[in-house]
Every structure is written in structure tokens, then in C-alpha cells.
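Quick caveat, the model's predicted, so the values are computed rather than measured. Letters go in sequence order (proteins before strands), and every chain restarts at 1.
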There are 2 protein chains.
Amino acid sequence: MVTIGDVAKAAGVSRSTASYALSGKRPISPEVTDRVLAAVEQLGYTPNAGARALRTSQTQVLALFARFVEDEFAPAMLEYIKGVTDTARELGYDTLLVSDEDGPGAIRRLSGSQMVDGFVLLNVAEEDDRLEPLRSVHRPGTLVGLPGDTHGVDVFDLDFEASGRLMVEHMHGLGHREMILVSQPEDVVRRGGAYVWRLADTAKAKADELGVDLHHYFAASSQPGIGEDLHRFLDAHPHATALLLNNEGAAAALPAVLQERGLSVPHDLSVIGRYSDVFARTFSLPFSAIDSAADRLGRHAVQQLVDRIEGRIDAAAPHTVELIAPEIHDRGSMAAPPAV
Amino acid sequence: MVTIGDVAKAAGVSRSTASYALSGKRPISPEVTDRVLAAVEQLGYTPNAGARALRTSQTQVLALFARFVEDEFAPAMLEYIKGVTDTARELGYDTLLVSDEDGPGAIRRLSGSQMVDGFVLLNVAEEDDRLEPLRSVHRPGTLVGLPGDTHGVDVFDLDFEASGRLMVEHMHGLGHREMILVSQPEDVVRRGGAYVWRLADTAKAKADELGVDLHHYFAASSQPGIGEDLHRFLDAHPHATALLLNNEGAAAALPAVLQERGLSVPHDLSVIGRYSDVFARTFSLPFSAIDSAADRLGRHAVQQLVDRIEGRIDAAAPHTVELIAPEIHDRGSMAAPPAV
DNA sequence: CTGAAAGCGCTTACAG
DNA sequence: CTGAAAGCGCTTACAG
């Protein structure tokens, strides 16, 4: 391998001069700089990452913790991952992908071995077992997903409370007075998916406030269960005119259910979902939805993390909790309810 | 950070003895070993990865190159990624995920900076621009996907040629004599998806050999195009009794098309696809299919790579091209053709 | 069975 | 504006 010593020799300077010429950390004459650059080019020099990390205690690597859970829609996960890796690369960092069962152990291991400069955690649960080690390791960490206790970490998530309100408000504004809200299965909540009840609770509160009759159900997350569930809900509430979906499987199953019941959207039923744009494209879903903003969340998370790593954020300053305001991607599935 | 010097001091031995006690590379008395281990435990020692890499020229990190292309079904990609990262971890390696636009540049950069011990390339095209740098960098590389030129790399893929034959043979064995084969769009082939014509060519050859009438089409990969395409193919060949799908979008769109035409499977039409099991689950697809074996391919690729890195494979020995034999996952969508 | 020392390649404080 | 030297933490050949 070619080292900075080789570069220095080829350029006829000392190793320190070669190093400074490349880093720009002290003024080097243009002629010398040119010779160094030429040598780098000609020899194909790339600094040894291990040596640099050993010296500087900076690795230019971020750890990305993804949890691959059943029930979870994979393309959405991939979008987060892509958002994170792309942004990291733009900012000069590589990404170590950790899908370890043993999340807490992996955090300690990677921090102890000084392999990474910081951590991005995806799919964060209400009570997440990775948070305790993360807080203890003294390396910055950013979460995508809002846990119960946010101290010591930066947090980015969709504002699910505002999302619940927005769904109900929007449908109410169109004239709907009876709605069905379909949430993820209860075991998603039990595993720590607090976003499910966050959205449902605010939806219910807003419905109460507006005098809307809102029926809330947990439902299966995949076929055939979810199809049967949807039929059951619609049977139980024949006068409901709006369907709010915080359950990706329900959105995917709905077109078949509508066809079986001979319902047309938005003529007979108005529908709004909460899922990512890739999800909509993958299943060709014709329903308006609040976008999960996966790539934006991944992007913001990395920017914040790198700002911290590189000292652009005062360590004493309070941590960020950024909840992205929901935006409805309109696909034309909402209208005034049918006249009675 | 705690170093091996701290451990040595706590155990009352020299740094070299501490190191040897941990690596086991030379005999150390049980008492001393115990003291070292206790010190490690108590101090929470983890070796500094950069220092170790600098000394040993081994990083215990693999680079995983994923290409996120449109048209590509993401869950399948995620399955490969999971197969690779999990296997790597089991073998003591971390995984650097690279989704760089600049694949060739990233290979040179990571190799030059000695950040990784080897490369796994996903989604390899017939003529892949990452192969030239990979061959030049003198670090082992394993491909998932069969390129035109396999020299200097280990290759793992599903045997698409055998898959084409198997589809036709199996349907022929059930009595079918006229079939439709639906391939991915032509631009997938143009981008280097040679597996498309590999499967189609052997299917056609086998059909000729068996006297089967096989109609081959390229089709769109997503709705609404693919639905229209399927209708068109079925209209054009009213006597075809079997449908062979080497196009995930076609498989996902087929249930709706069948319903619209009032066709039942396998009574009116026998169907076989080629897609992963997660894909089938995600879309609740009721069709028998040749599994893409994503996790198995990822697993084998990493095992082979690590064997090479760790010198368990003679560098002079020829490289591997392992094509996994297709297996049909039977979901009951194939039967004898309807009596005329 | 154990220890003192060298050196991997880099950056940066020290010296001029 | 440039150079010689130290030291990051590790492993291993050298010495006993």
C-alpha cells in the first residue's frame, strides 16, 4: 500500500509537509502543494483509515441500527436506510449497518472499539433497550422514532399526534360525522409502537371536540386477517362515511375489500391513510395519505448527528426533538360524504 | 478509553502477556489468564479497532454494495442485506453498507484506505462497472448475481437457466401444451439484467424440445401498465393454459386480472412465478413460485468471502460460480389443464 | 511461561 | 514556509 511517506518522497518533501498540504491545516507554498497533489494522484494514495482513526479518534463512520421486525413494511425501512447512507456519504461518512439481535451489546462493542463516531437508531420503541447503553457510551446518538424518555439524544419523528388530529379535522371539514379508525395490531403497540396510540388518542380527542363519532379498532397487519377485519368494521358501522388508516396492511388490502363490497372511493367512502410514498407506489394505492417522510427523517437525523460529532452543536445545549408536521399527499380519495 | 495497558496494569502483567492471554496465541498460565480476563471484565476493555487494523491489516469489516434501483422490489433487497449482515456478524465481521452512486470509486476508496477486508456486491449486472476496480484492488470480492465475465471473483446466483427449463418442464408434465412467459421489462435487460434472457432462452429451448407452444413477452413492472399487459397477453392467446412469470410486478397484479376475467387458478389457468418468499407474503400471492433464495445466497456469499479473507481457500484455486438449483415452492396454483 | 521493544501510518505540537 | 519527532493502541518477533 502507498503511504504518506511514499507521497512525501515522490514530492521531495517531509511527511508532515505532505500531510499539511493535504489537510490545509497550515499554509504550504503553492508549488509544494502542487507537487504533493501530483504525487497523490500518480501513486493513487488514500490515507489509511485505521492509522488516521488511531491518531485522531475520529473514524468518519456512523453506525446505523435497523431492526427488521415482522409486520414491518420493508420498503419503508429501506427508504430510511437509503436516506441515512446517502446523507452520511455526502457529509463524508461511511455507514456501518447493524441489524444485531443484541442491540445494546453492539452499541457498547462499537463504541468501545472506537469503530464509529456516532449512532443512528431506527425503529425506536417507547421503551427501547438500546437507549440505556447509548446514553452511557458518551458518543452522540440520534433516534428516528420517539421514545418515552428522550433525554440525552436527538430525536426525529413524524408528528403522530398532529397526524391523528389532522385526519379527523380534514374529514370533518368535508362534512363527515361518523368515521372508522383502523390501527396497527395491538402487539405492535405492545412491542413499543407508541405512535399507534399517539395517533389514535389525539384522533379520539379531536373527534370528541368536533362531535364526530369515531370508531377505533386494532386490526391484523396482513392478509387474510386484515381483509376480514375491514369487512367486519364496515358491517358494524354502515353509516360511517370515512375510513382512517394507521395500518399499512389495511391500506394494501382495502382495494380488494372495496371491490367485493361494490364501494367506490370517494363517492361512497372517503379514505385517508398514513404510509410512505414508496408504499403507495409499490401497491399502486389510490388513497390520499399522510406521508411518513422516511427519507427526510433519515436525512435530518444524520445532519444533526454529524453536526454534533463535528462540534457544531454546543454539548451543553439541550437536545432536539423534531416532530415533522404531517402533510397530506392528496390522491383524490376524500370528498364530501354521500347525501343521505 | 481503557487500553490493553490498563488491563495489563490491573492484572499485574506486561502488555504483551495481556495480549497473548486474550488471543491465545501463546500459552499463558491459567492464573495469569484469569487475572487478565477479570481485568478485562472489570474495566470493560474492548480493543481499539483502528490500532488493531493498523497492526494486523485486518479490519473485520466487509463492504456490502447494494444498488437501489427503481423497478426493484425492495423487500427482496432487504432480505439479501439481512442475510449478509447476519452471517457476517456470526463470523465476527461488521458490515459497511455502500449505496454509493459511484460504485467503482467507492471500491477503490475503501480498499485504498484499508477500511474493509472484502467486498460483497449485490445486484450484479451482465457488464458491471464495479468489476474492473474490484479485480484490480487485490482484496477478495463475492458477487450475488452472475455477470458475463466471472474471472477473479466468486459468484452466487439462482440458476436462472435451470429455472426456465423447470417451469416449462413442470407445466408440460401436467399436460400443458400452450404457455405464456412474462418477463421483466426490456430496460431491465438493457441495464444488465441478463437473468431475464437466461431464463427466457432456456424456457424457449425446452419448449421447442417438448413441442410446447410458448409465447414470450416483456411487460411493464408495475401498475397500471402490467395489468393491461396481462389482459393483452391473455386476450391474444385464449388457448394458453399456463402462465409463467419472471416479473414480480406481474405476479402482484395477477390476482386482480384473474378476478376481472373471472378466471380461477388452477382450474382455468395454471400459474408459476419466480420471486422470493417475502414477496409472496407481502402481497399474499397464492401462486407457486421458484424461490429467489435471497437469504441463502447472501449467506453463502459471505461464508465464501470470509473463507477467502481468512486464508482457508487456496488463492491459486479457481474461483467459485455457484448457481443454486431452483426449487418450486408449491402453493397449489398448478394443475392439469382444463379438458377442452 | 513472561517482558521489553519495535513498528503499523497517521497527525500535530515543537523547533527552526 | 518547512522538517524531525512523538505518540495514538495494538500485536508479535526477539530475548530471556
For the residue pair Asn48(A) and Thr3(A), confirm or rule out a side-chain donor-acceptor distance under 3.5 Å. no

Terminal contacting nucleotides, 5' and 3', DNA chain C versus chain A (heavy atom, 4.0 Å):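 For DNA chain C, the relevant span reads dG9(C) to dC14(C).
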
Quick check: on DNA chain C, is the nucleotide nearest Arg26(B) upstream (toward 5') of the one nearest Gln114(B), or the reverse? Name the residue that is more 5'.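 Checking each residue's closest nucleotide, the 5'-ward one belongs to Arg26(B).
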
Checking side-chain contact (heavy atoms from CB on, under 4.5 Å) against Leu143(A), which of Leu134(A), Val321(A), Asn123(A) comes through? Leu134(A)

Check each of Asp117(B), Leu62(B), Ile313(B), Leu305(B) against Pro140(B) using the side-chain contact (heavy atoms from CB on, under 4.5 Å) test, and report the only one that passes.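 Exactly one option meets the side-chain contact (heavy atoms from CB on, under 4.5 Å) with Pro140(B), and it is Leu305(B).
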
Could you give all pairs that pass the ring pair (Phe, Tyr, Trp, His ring centres under 6.0 Å) test and reach residues 12-56 of chain A, with sequence neighbours left out?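 Residue pairs passing ring pair (Phe, Tyr, Trp, His ring centres under 6.0 Å), neighbours aside: none found.
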
Restricting to pairs with a member in residues 95-119 of chain A, which pass ring pair (Phe, Tyr, Trp, His ring centres under 6.0 Å), not counting sequence neighbours?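 Passing the test, one end in residues 95-119 of chain A: Phe65(A)-Phe119(A).
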
Identify all stems in which DNA chain C takes part, counting only runs of at least 3 consecutive pairs (Watson-Crick or G-U wobble, each distance under 3.5 Å), and give each as one range with another, ordered by first number.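 So the stems come out as C:1-3 with D:14-16, C:5-12 with D:5-12, C:14-16 with D:1-3.
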
If I compare all heavy atoms of Ala66(B) with all of Leu97(B), which pair ends up nearest, and what's the gap? CB-CD1, 4.2 Å

Salt bridge flag under 4.0 Å for residues Arg308(A) and Asp154(A): yes

Residues in salt bridge (charged side-chain N to carboxylate O under 4.0 Å, His left out) contact with Arg89(B), at least two apart in sequence or another chain: Asp94(B)

Salt bridge (charged side-chain N to carboxylate O under 4.0 Å, His left out) involving Arg299(A) - partner list, sequence neighbours excluded: Glu90(A)

Any base atoms under 4.0 Å from Ser29(A), or only sugar-phosphate, or nothing? Heavy atoms, all strands. sugar-phosphate

Show me the pairs that pass salt bridge (charged side-chain N to carboxylate O under 4.0 Å, His left out) and involve [range], at least two apart or across chains.
{"range": "residues 119-143 of chain A", "result": "Arg67(A)-Asp128(A), Arg67(A)-Asp129(A), Arg108(A)-Glu132(A), Glu126(A)-Arg198(A), Asp128(A)-Arg130(A), Arg135(A)-Asp149(A)"}
{"range": "residues 5-27 of chain A", "result": "none"}
{"range": "residues 27-45 of chain A", "result": "none"}

Could you list by number each residue of residues 1-14 of chain B showing a heavy-atom separation from DNA chain D of less than 4.0 Å, or answer none if no residue does?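 By residue number: Thr3(B), Ile4(B).
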
Listed in order of residue number, which residues of residues 30-60 of chain A have a non-hydrogen atom at under 4.0 Å from DNA chain D?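 Within residues 30-60 of chain A, the residues near DNA chain D are Val32(A), Leu54(A), Arg55(A).
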
Rounding to an integer number of angstrom, what distance separates dT12(C) and dG16(C) when you compare their C1' atoms? 16 Å

Sequence neighbours left out, what passes ring pair (Phe, Tyr, Trp, His ring centres under 6.0 Å) with Tyr80(B)? Give chain and number order.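 By the ring pair (Phe, Tyr, Trp, His ring centres under 6.0 Å) rule, Tyr80(B) matches no residue at all.
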
